[in-house]
Amino acid sequence: MPAREAGNSERIWQVVAAIPPGHVATYGAIARGAGLPGAARRVGAALRGLPAATRIPWHRVINARGRLSLPEGSDAWRLQRTRLQAEGVEFRANGSIDLGRFHWDPGQA
DNA sequence: GTTATGACGCCGT
DNA sequence: AACGGCGCCATAA
């Protein structure tokens, strides 16, 4: 029997859903929180497959550099940025987020 | 079975 | 700081 099912997306979504409003989490942190260390790329794939009307707060997931990984200028990029700002997350002039202030680690949950 | 593909991450230059 | 290269893991071709 397969030690780990391929349907890890479920677990990933669960961790993402736990990110408190006004905070963000990196892809790597989500992967670790889901028990999938090193599978940061899987997190992006899982979010990529979410329906547009999902209630999962996918916009709270950013990369380790404190930047949005979506193509800058795209609709999704703007939506993510808008939602985060609406929650109180501040963007620096260069477009990055201060992880020291806004990053949330699944481990504390 | 092999190779290509990504909403990633880390390290060296 | 900017860039490039390599590692990572699961899917798809």
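Chain A is the first sequence line, chain B the second, and so forth, proteins listed ahead of strands; every chain is numbered from 1.
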Tabulate below the donor-acceptor pairs under 3.5 Å that side-chain atoms of residues 14-34 of chain A make, not counting sequence neighbours, or state none.
{"from": "A:H23", "atom 1": "ND1", "to": "A:F102", "atom 2": "O", "distance (Å)": "3.4"}
{"from": "A:T26", "atom 1": "OG1", "to": "A:A29", "atom 2": "N", "distance (Å)": "3.1"}

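- Atom CZ in A:R48 sits about 8 Å away from atom P in B:dA7, given to the nearest Å.
- Sorted by first and then second residue, the salt bridge (Lys or Arg N to Asp or Glu O under 4.0 Å) pairs involving residues 73-89 of chain A (not counting sequence neighbours) are A:R60-A:E87.
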Could you run down nucleotides 8-13 of chain B 5' to 3' and tag each one B, S or - for protein heavy-atom contact under 4.0 Å?
BSS---

Going through the distances and angles, do A:L70 and A:Q80 end up as a side chain to side chain contact (heavy atoms under 4.5 Å, CB included)?
CA-CA 9 Å; A:L70 289 160; A:Q80 178 169 27; 3.1 Å; yes

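- Using a distance-only test at 3.5 Å, with no hydrogens or angles considered, a donor-acceptor pair links the side chain of A:S74 to the main chain of A:P71.
- Although no hydrogens or angles enter the test, the distance criterion places a donor-acceptor pair under 3.5 Å between the side chain of A:W13 and the main chain of A:A46.
- Proximity of residues 85-100 of chain A to DNA chain B (heavy atom under 4.0 angstrom from any strand atom) is not detected for any residue.
- The backbone N or O of A:R11 sits nowhere less than 3.5 Å from a side-chain atom of A:N8 that would complete a donor-acceptor pair.
- Residues that satisfy the salt bridge (charged side-chain N to carboxylate O under 4.0 Å, His left out) test with A:R92, not counting sequence neighbours, are A:D98.
- With sequence neighbours excluded, no residue forms a side-chain hydrogen bond (donor to acceptor under 3.5 Å, both in side chains) with A:E10.
- Rounding to whole angstrom units, CZ of residue A:R42 and P of B:dG6 are separated by 12 Å.
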